[in-house]
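Every number for a ligand or one of its atoms is a count from 1 in the order of the listing. Numbers here are sequence positions counted from 1.
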Amino acid sequence: MAQETGMMNDLVREIRELKQKRGAVILAHYYQLPEIKEIADFVGDSLQLAQQAASVDADVIVFCGVYFMAESAKILSPEKTVLLPDKSAGCYLANQATGEAVRKRKQEIPGCVVVTYVNSSADVKAESDIACTSSNAVKVVKSIPEDKPVLFVPDRNLGIYISKRTGRQMYFWEGCCNIHDNLTLEEIEAARAAHPGALVMVHPECRPEVSDAADHVASTGGMLKFAQESSSRSFIVGTEQGLIDTLRKLCPDKEFYPAAEHMICPDMKLTTLEKVKESLEKLEPNIQVDPEIAERARKSLTRMLEIV
Ligand code: 13P
């Protein structure tokens with residue numbers, strides 16, 4: 001144990017030195033492992049991370065998250081080196097739409113505005129009019145003129161949630177995040193029974209009946225804010241479990257329970273301290289985006305950032 005801690009301390013020290021040498025910043029999503037969030041310069045939700053990627057003053061960004069996040073960082077800051085410590089860290093949801101499929105669907109809905117959730121590939125963003133994250137999706141959809149049909153890609157559950165919040169009919173895409181979509185109403189009810197009085201917070205990527213049954217529906221950053229501001233002492237957390245250690249750290253006097261034990265995203269757990277160190281040493285895996293695709297995708301991301 002002591003030996004393990006010693007090795008970990010050495011790794012952290014080496015990462016800090018390398019970071020300095022490379023002029024790098026480390027960005028991490030809330031779902032990352034605790035030791036990764038510990039060494040990060042900035043930890044946030046998808047929107048906060050995109051804002052950081054667009055504005056941070058550094059030559060190198062080490063993105064501790066999944067592929068589409070690092071890709072968005074590269075699109076927003078093409079002059080920077082963007083490293084994703086494990087290039088195989090993908091996203092089940094992002095894999096459910098391709099640029100070509102979106103192009104085809106657009107042709108079937110004349111005049112439609114394509115709103116694309118950031119959990120998507122660069123070529124899907126390039127086919128889109130505007131991007132959104134779960135924390136600004138309602139605002140983004142509200143910004144679109146009422147007479148324009150909206151095609152929402154690729155998360156169906158999030159699309160339905162926005163449609164309910166805005167009263168707006170939209171065309172949906174048949175995609176979902178498997179981690180959130182697997183959370184059932186029965187599991188929410190069982191968690192409520194096990195923790196009487198606890199408030200249920202869920203991510204809008206959950207199924208409609210789960211979101212409807214929750215006390216609060218929000219992005220990861222929104223859940224943190226809600227827990228910090230709420231007078232309630234205990235919460236059931238319906239999102240990837242990585243958020244829970246951050247919730248406990250920021251609200252040490254409150255209780256947090258996972259809504260279901262299975263809510264763990266294996267891709268988000270692929271980043272390790274060893275891989276972060278190696279990426280800083282080798283400046284690899286260095287994320288690249290085709291410049292033509294990046295230019296079109298940047299427009300949809302920039303429009304989103306202007307609306308926030
Ligand atoms: P937020 O951090 O924006 O809530 O989204 C994270 C995510 O990718 C959910 O699957």
Side-chain angles (χ1 to χ4, degrees), residues 27-33 36-37 40 42-54 63-73 76 84 89-97 115-121 124-125 131-141 152-162 165 173 175-183 201-207 210-211 214 216-227 235 237-247 250 258-260 262-271 301 304-305 307-308:
L27 306 184
H29 189 270
Y30 288 126
Y31 294 160
Q32 293 285 294
L33 294 168
I36 299 295
K37 289 185 275 190
F42 185 85
V43 184
D45 69 10
S46 304
L47 178 62
Q48 295 159 341
L49 290 170
Q51 287 168 324
Q52 283 292 319
F63 212 113
C64 299
V66 292
Y67 197 90
F68 77 81
M69 296 179 172
E71 204 175 44
S72 294
L76 287 165
L84 180 66
C91 172
Y92 177 92
L93 172 58
N95 291 343
Q96 288 167 65
V115 180
T116 293
Y117 190 33
V118 287
N119 298 39
S120 55
S121 62
V124 168
K125 289 186 182 82
C132 72
T133 75
S134 55
S135 56
N136 63 13
V138 167
K139 215 169 170 181
V140 165
V141 169
F152 190 82
V153 182
D155 191 308
R156 189 169 199 277
N157 292 339
L158 177 61
I160 293 172
Y161 170 74
I162 300 162
R165 285 280 310 271
W173 195 267
C176 70
C177 158
N178 53 343
I179 310 297
H180 288 94
D181 193 63
N182 281 341
L183 178 64
M201 313 188 281
V202 304
H203 198 276
E205 288 175 20
C206 291
R207 294 181 198 173
V210 169
S211 290
H216 190 63
V217 182
S219 68
T220 53
M223 285 189 214
L224 265 176
K225 188 166 182 285
F226 180 72
F235 303 84
V237 185
T239 193
E240 209 281 338
Q241 286 191 24
L243 183 65
I244 293 182
D245 60 83
T246 304
L247 283 162
L250 296 184
H262 58 73
M263 296 190 80
I264 296 172
C265 173
D267 288 278
M268 280 285 180
K269 310 304 177 200
L270 286 173
T271 322
L301 283 167
M304 167 187 87
L305 292 176
I307 282 188
V308 180

### Query
Roughly how far apart are L224 CG and Y30 OH, rounded to 0.5 Å?
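Those atoms lie 4.5 Å apart.
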### Task
Determine whether more than 12 heavy atoms belonging to other residues, nucleotides or ligands lie under 6.0 Å from atom NZ of K225.
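Not more than 12 within 6.0 Å, no.
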### Query
Is there a donor in the side chain of Y161 and an acceptor in the side chain of S134, or the other way round, less than 3.5 Å apart?
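Not at all, the side chains of Y161 and S134 share no donor-acceptor pair under 3.5 Å.
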### Message
Against ligand 1, does E240 come closer than 4.0 Å with any heavy atom?
### Response
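Distance cut 4.0 Å: E240 fails for ligand 1.
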### Task
Anything under 30° is parallel, anything over 60° is perpendicular, the rest tilted; go ahead and classify H203 against H180.
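Rings of H203 and H180: tilted, 30 to 60°.
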### Query
Which option out of A94, S46, S135 puts a heavy atom nearest to atom 5 (O) of ligand 1?
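Nearest option to atom 5 (O) of ligand 1, by heavy atoms: S46.
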Return the closest protein heavy atom for [atom] as residue, atom name and distance.
atom                   : value
atom 9 (C) of ligand 1 : E205 OE2, 3.0 Å
atom 6 (C) of ligand 1 : H29 NE2, 3.4 Å
atom 8 (O) of ligand 1 : N119 ND2, 3.0 Å

Contacting atoms of ligand 1, where contact means under 4.0 angstrom from a heavy atom of [X]:
X    : result
H180 : 9 (C), 10 (O)
S134 : 1 (P), 3 (O), 4 (O)
H203 : 1 (P), 4 (O), 5 (O), 9 (C)

#### Entry: Minimal non-hydrogen separation, L76 against A50, with atom names
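In terms of heavy atoms, the two residues are closest at CD1-O, 3.6 Å.
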### Message
Is there a polar contact between ligand 1 and S219, counting only N or O atoms under 3.5 Å apart?
### Response
no
### Query
Under 3.5 Å between some N or O of ligand 1 and some N or O of D45?
no
Pairwise side-chain contact, [X] with [Y], heavy-atom cut-off 4.5 Å (strictly under):
X    : Y    : answer
K125 : S120 : yes
R207 : L183 : no
D245 : L33  : no

### Message
Below a 4.0 angstrom heavy-atom separation, can you tell me which part of Y31, side chain or backbone, both or neither, approaches ligand 1?
### Response
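Side chain only.
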